[in-house]
Amino acid sequence: MSTETILIIDDTPDNLTHISTLLKEKFKVKVATNGAKGLTIAATDPKPNLILLDIMMPEMDGFEVCQKLKGDPNTASIPVVFLSGKSESSDIEKGLSLGAQGFISKPVEPEKLFEIISKFITA
């Protein structure tokens, strides 16, 4: 198993379980069920090597989380990839304009997920 850590921020338990299961054999996986928890985990050492971030969450959506991550010098360098059911071109453009490095549509295809992750982490 790699020592690289991936943080998944998603408010849907089934999504967290599914993605964690796909990743846990190759990576350390941390999960957060909302944006505020995700920001706390992202800022805690050792920091994650990659963040997979849902857009549609209550209280603080993924766009706001990404903006806060990229606005904080402590977390700005962590790559963020949106993982969302919102896949309109305007959503993708907004996410990338906020500093995200990628976008994966749900439902997640494992091959696509690992292809994107491999751009940032070597397992």
- Given I117 and L23, is the side-chain contact (heavy atoms from CB on, under 4.5 Å) satisfied, shown in steps? CA-CA 10 Å; I117 289 171; L23 300 178; 3.4 Å; yes

- Query: Should S84 and D91 be marked as a side-chain contact (heavy atoms from CB on, under 4.5 Å) after you check the CA-CA gap, both sets of side-chain angles, and the distance that decides it?
  - Reply: CA-CA 10 Å; S84 182; D91 297 318; over 6 Å; no

- Message: side-chain contact (heavy atoms from CB on, under 4.5 Å), that's the test. Do T75 and L39 meet it? Break it down for me.
- Response: CA-CA 9 Å; T75 56; L39 290 170; 5.9 Å; no

- Item | From CA spacing to verdict: side-chain contact (heavy atoms from CB on, under 4.5 Å), D54, K106 | CA-CA 10 Å; D54 184 29; K106 290 179 185 175; 3.2 Å; yes

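One hydrophobic cluster, built from ILVMFWY side chains closer than 4.5 Å, cannot hold both L7 and V29; they sit in different ones. No path of Ile, Leu, Val, Met, Phe, Trp and Tyr side chains, each step under 4.5 Å between heavy atoms, connects I51 with I121, placing them in separate hydrophobic clusters. Tracing side-chain contacts under 4.5 Å through hydrophobic residues (I, L, V, M, F, W, Y), one reaches L16 starting from I104; they form part of the same cluster. Cluster annotation: L52 is not connected to M56 through the hydrophobic network of ILVMFWY side chains, with a link wherever side-chain heavy atoms come within less than 4.5 Å. Under the 4.5 Å side-chain heavy-atom criterion for ILVMFWY residues, a single connected hydrophobic cluster contains both I41 and I9.
Scanning all heavy atoms of the two residues, the minimum distance from F114 to K26 falls at CE2-CD, 3.9 Å. When all heavy atoms of D61 and I55 are compared, the closest pair comes out as CB-O, 3.2 Å. Among all heavy-atom pairs drawn from L98 and C66, the shortest one is O-SG, 3.8 Å. Nearest heavy atom pair, residue P110 against residue L22, reads CG-CD2, 4.0 Å. What you find for I78 and P48 is that their closest heavy atoms are CG2-O, 3.6 Å. Between L69 and A42, the shortest heavy-atom contact is CD2-CB, 3.6 Å.
Between D10 and I19 there is no side-chain heavy-atom pair separated by less than 4.5 Å. At least one side-chain heavy atom of K47 sits less than 4.5 Å from a side-chain heavy atom of N74. At least one side-chain heavy atom of M57 sits under 4.5 Å from a side-chain heavy atom of V65. V80 has its side chain within reach of Q101: a pair of non-hydrogen atoms, C-beta onward, lies under 4.5 Å apart. Side-chain atoms of V81 and L83, non-hydrogen and from C-beta on, never get closer than 4.5 Å to each other. The shortest distance between side-chain heavy atoms of S20 and I8 falls below 4.5 Å.
Atom CG in L113 sits 7.0 Å away from atom CD1 in I6 (nearest 0.5 Å).
Residue-environment remark: NZ (K70) exceeds the threshold of 12 foreign heavy atoms within 6.0 Å. Environment of CD in E115: crowded, with over 12 heavy atoms of neighbouring residues, nucleotides or ligands closer than 6.0 Å.
Ring geometry for F82 against F103 counts as tilted: the plane angle lies between 30° and 60°, on a 0 to 90° scale.
The backbone N or O of E4 lies less than 3.5 Å from no partner atom in the side chain of K28, so there is not a single donor-acceptor pair.
Contacts classified as side-chain hydrogen bond (donor to acceptor under 3.5 Å, both in side chains) and involving residues 29-44 (residues at least two apart or in different chains) are given here: T33-K37.
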